Structures are given as structure tokens and as C-alpha cells.
Q: 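Before we start, here is the structure in question, set down as C-alpha cells.
Computed from a prediction, not measured in an experiment: that's the story for all the values here.
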Amino acid sequence: MSQRESFSEERSAEVVAASFAGTPDPRLRQVLTSLVEHLHAFVKDVELTEEEWGAAIAFLTATGQTCDDVRQEFVLLSDVLGVSMLVETINHRTGGQSTESTVLGPFHMVDSPPRELGADIALDGKGNPCLVTGRVTGPDGEPLGGALVDVWQANDDGFYDVQQPGIQPERNLRGLFTTDSDGRFWFRTIVPRHYPIPDDGPVGRLLAATGRHPNRPAHVHFIVTADGHRPVTTHLFVDDSPYLDSDAVFGVKDSLVRPFPVVDDAARAAEVGLPNPFRTVHFDVALLRGDQAPPAAQPAEVAPTVVRGAPGGSPE
Ligand code: BEZ
Ligand code: FE
């Protein structure tokens, strides 16, 4: 039967999928076939109207038109639909042996400056001073000296330096640290603050139309790399931050949330070069070895990855 004869409401997906049957690349064929099946099922499920399809095309067009060298609205769309986190989670399974990953986000667009261990990355002098300490190890706890710890975070007003050129010092709240021979790293910063993702475009309008807020809970971004090991892109979250349970991009994993207790000890403050009192946090990072096969799925005995975030409703 020809395509013209067989295209019907019932058989649309089958007919369109068949049009891709000759795709030479088997993975492309698999992905397109599944995409068509799911898309057609969705259109039938909601009985999409012509007006709705037109609105969807207009929305996607506006999303594309909002993209430029520094704004990637399609990535934001993927983020708020939870697709970025799902792809991240599937592709970085830990098998319970290494630090969980989360989204990269759009603000790692400049190189972090190499800094000495202990340096203060808060160049704008605002916020609650904080000492961050941690240790990078392999999957069996072996220390990884010479590992690179790349960190960046928003300032106390909730903006990254690249969002406020001329207002914040360049490379404010960014640093590239090298662990000591025991795998340890430490640096001074401020306690990060929650902030909204860019919401002045189509994605922001989608959030507003659906009663969702645009906020992310307070976090420090990390990319940790070490020779012979799989890198991890992750966050350290503040345990008393608003929005931990409703992250706009579904990025929170329980294993990445830490307390930031207050230390009131003048001698210790002088030793680390911070005013007394100050806050502290400890964040150890474990990396899989490069020669380890990536876990196919979390083993049953490993607690399942808990991805928090059902944005909307209450801001807590
Ligand atoms: C961020 O954490 O920097 C981020 C992640 C996803 C979307 C927007 C911002
Ligand atoms: Fe961020």
C-alpha cells in the first residue's frame, strides 16, 4: 500500500516511521522512529487543535529568536522540562561509587582563574564569609593529588559575574584550584544565594503561564577532573536554602546537599583569614576511574538517585 493510501489517524506514526527505514545510521533511525512514535501519540492523546499547534510553533520560533552568543533559550527550555537533568542522570550513573552529577548551567562561559589553595574568590566583598573544604578521591577512597577543582557561583545579589559586567569584578566568585598531595582543597568564598534563571524570555513566560517560579536553590558549581578518572560536573547545595524542593531545573540531588554551620572561633578565623564568625562547609568528591565501565544502572542495593523538584506551589 502506498504512503498516500495508508496515512490515517490510526497509522500515522507507522507510516512516518517507515519513511525513515532507509536511514543508514542505525542510531539515527532508532532515535527518529521513537521520536515520531511518541510525538504522534502525544498529538492524539491531547487531540491537539490547529490553534495550539500554531501557538507551539510560535513559542519554539520565539525560543530560537531569543538565542544569541550568551543566551541559550533552548537549553533553558530543556532545563525547565527536566530533560537536561534526565540526560545528565542517564549518562552519569554512579553505581553508588562516585559523586552524583547535575546540570552544567549556562554561566560557565569564561575560564575560571587558577588560584592558590585558600584564596578568597569573593572579590566584591559582599555576603556571608565561608570556608569551603573538601577532598577529591577515587572510587575506593584513594586521594587524588593534583586534581583540578573548578568552582563558580552567584554573588550575594543572586547574579553571576558574566550577568553583571562592569558591576561585579571580572571573574568574581570563580576559581580553579589544584588539590594537594592528599587530594585536599580549600578556599574562601561567601555562602551562595538562591537566584532566578533568566526569565525575561519565552521560557519565563512558560513558567509564568503554568504558575511555576524561576528560582534555583543556593549552590556552588563544581567541575572536578583528575588524570585517569571520569570528570564530574556537579553542585554543592546549601541545606537551608529556599527552593531545594522546587528547583526550576530539577537539579537537586539529596547527596549534594550540605549544612553550612557557623564557626564562632576568633583564633580559627584569623588562621583561615576570615572575619569571626564565619560559615563552613565540607564537600568530598569521589571520581570513577577512567578504565571503569560506566555503571549500566544503579544496582538495587544502592539508594535510588533522588531528584528533587516539583516546581510551583510553595517556594520552599
Ligand atoms: C545555573 O545553575 O547556573 C543554571 C542552571 C540551569 C539554568 C540556568 C542556570
Ligand atoms: Fe548556578
Side-chain angles (χ1 to χ4, degrees), residues 12-13 16-17 19-20 23 25 27-28 30-92 101-110 152-154 158-165 194-217 219 221 223 233-235 243 246-252 307-313 315:
S12 66
V16 177
S19 76
F20 292 120
T23 305
D25 179 335
R27 176 64 176 167
L28 180 60
Q30 180 195 7
V31 170
L32 284 173
T33 302
S34 178
L35 179 69
V36 164
E37 285 166 1
H38 285 86
L39 268 180
H40 284 234
F42 156 71
V43 171
K44 289 177 195 174
D45 182 35
V46 299
E47 296 231 340
L48 203 66
T49 68
E50 287 169 314
E51 289 72 24
E52 288 163 345
W53 186 229
I57 299 285
F59 174 79
L60 292 174
T61 303
T63 299
Q65 287 167 344
T66 306
C67 296
D68 59 27
D69 287 350
V70 291
R71 176 81 176 250
Q72 231 305 352
E73 196 74 359
F74 271 113
V75 175
L76 271 189
L77 180 58
S78 156
D79 293 342
V80 303
L81 292 177
V83 176
S84 304
M85 261 318 275
L86 181 58
V87 172
E88 180 74 38
T89 302
I90 289 173
N91 284 275
H92 297 276
S101 63
T102 187
V103 284
L104 173 66
F107 298 121
H108 190 252
M109 54 175 65
V110 292
W152 68 105
Q153 69 174 80
F159 294 102
Y160 288 83
D161 57 349
V162 290
Q163 293 177 288
Q164 294 190 310
H194 60 275
Y195 64 84
I197 63 171
D199 64 345
D200 56 348
V203 170
R205 292 197 288 280
L206 172 72
L207 294 178
T210 54
R212 281 177 53 177
H213 68 72
N215 296 300
R216 298 216 60 209
H219 58 272
H221 291 259
I223 298 177
T233 298
T234 193
H235 295 3
Y243 309 113
S246 63
D247 183 357
V249 305
F250 304 88
V252 181
V307 179
R308 296 203 205 178

Q: Can you give me every donor-acceptor pair (side chain of residues 68-77, partner residue at least two apart or in another chain, under 3.5 Å) with its distance?
A:
{"residue": "Asp68", "atom": "OD1", "partner": "Val70", "partner atom": "N", "Å": "2.9"}
{"residue": "Asp68", "atom": "OD1", "partner": "Arg71", "partner atom": "N", "Å": "2.7"}
{"residue": "Arg71", "atom": "NE", "partner": "Glu73", "partner atom": "OE1", "Å": "2.8"}
{"residue": "Arg71", "atom": "NH1", "partner": "Asp200", "partner atom": "OD1", "Å": "2.8"}
{"residue": "Arg71", "atom": "NH2", "partner": "Glu73", "partner atom": "OE1", "Å": "2.9"}
{"residue": "Arg71", "atom": "NH2", "partner": "Asp200", "partner atom": "OD1", "Å": "3.0"}
{"residue": "Gln72", "atom": "OE1", "partner": "Phe74", "partner atom": "N", "Å": "3.0"}
{"residue": "Gln72", "atom": "OE1", "partner": "Val75", "partner atom": "N", "Å": "3.2"}
{"residue": "Glu73", "atom": "OE2", "partner": "Val203", "partner atom": "N", "Å": "3.0"}

Q: So which heavy atom on Phe20 is nearest to which on Thr23, and how close?
A: O-OG1, 2.6 Å

Q: If you take all heavy atoms of Arg205 and Ala62, which pair is closest and at what distance?
A: NH2-CB, 4.3 Å

Q: Would the distance check show the side chain of Arg212 and the main-chain N or O of Ala248 forming a donor-acceptor pair, the cut-off being under 3.5 Å?
A: yes

Q: Test Val110 against Val162 for side chain to side chain contact (heavy atoms under 4.5 Å, CB included), laying out the working first.
A: CA-CA 8 Å; Val110 292; Val162 290; 4.0 Å; yes

Q: Are the side chains of Phe250 and Val103 in contact, using a 4.5 Å heavy-atom criterion?
A: no

Q: Can you measure from CG (Leu32) to CZ (Arg27) and round to the nearest 0.5 angstrom?
A: 10.5 Å

Q: So do the side chains of Arg216 and Tyr195 get within less than 4.5 Å of each other, counting heavy atoms only?
A: yes

Q: To check you understand the geometry: which heavy-atom pair defines the closest contact between Val87 and Asn91, and what is its length?
A: O-ND2, 2.7 Å

Q: If the plane angle is over 60° it's perpendicular, under 30° parallel, otherwise tilted; pick one for His235 and His219.
A: parallel

Q: Please confirm whether the backbone N or O of Val83 pairs with a side-chain atom of Ser78, one donor and one acceptor, at under 3.5 Å?
A: no

Q: Nearest heavy-atom pair of Ala154 and Tyr160: which atoms, and what distance?
A: N-CE2, 3.5 Å

Q: Looking only at heavy atoms, what is the nearest atom pair of Pro214 and Asp199, with distance?
A: CG-OD2, 3.4 Å

Q: Knowing that exactly one of Asp247, Leu207, Asn215 qualifies, which makes a side chain to side chain contact (heavy atoms under 4.5 Å, CB included) with Ile197?
A: Leu207

Q: Roughly how far, to the nearest 0.5 Å, is the CD atom of Glu52 from the CD1 atom of Ile57?
A: 13.0 Å

Q: Is there a donor-acceptor pair under 3.5 Å between the side chain of Thr233 and the backbone N or O of Leu104?
A: no

Q: Quick check on side chain to side chain contact (heavy atoms under 4.5 Å, CB included): which of Val249, Val252, Thr102 does Met85 satisfy it with?
A: Thr102

Q: Can a donor-acceptor pair be found, under 3.5 Å and without considering hydrogens, that links the side chain of His108 to the backbone of His221?
A: no

Q: Table please: side-chain donor-acceptor pairs of residues 36-44 below 3.5 Å, with sequence neighbours left out.
A:
{"residue": "His38", "atom": "ND1", "partner": "Ser34", "partner atom": "O", "Å": "2.8"}
{"residue": "His38", "atom": "ND1", "partner": "Ser34", "partner atom": "OG", "Å": "3.3"}
{"residue": "His40", "atom": "ND1", "partner": "Ser12", "partner atom": "OG", "Å": "2.8"}
{"residue": "Lys44", "atom": "NZ", "partner": "Glu9", "partner atom": "O", "Å": "2.5"}
{"residue": "Lys44", "atom": "NZ", "partner": "Glu10", "partner atom": "O", "Å": "3.4"}

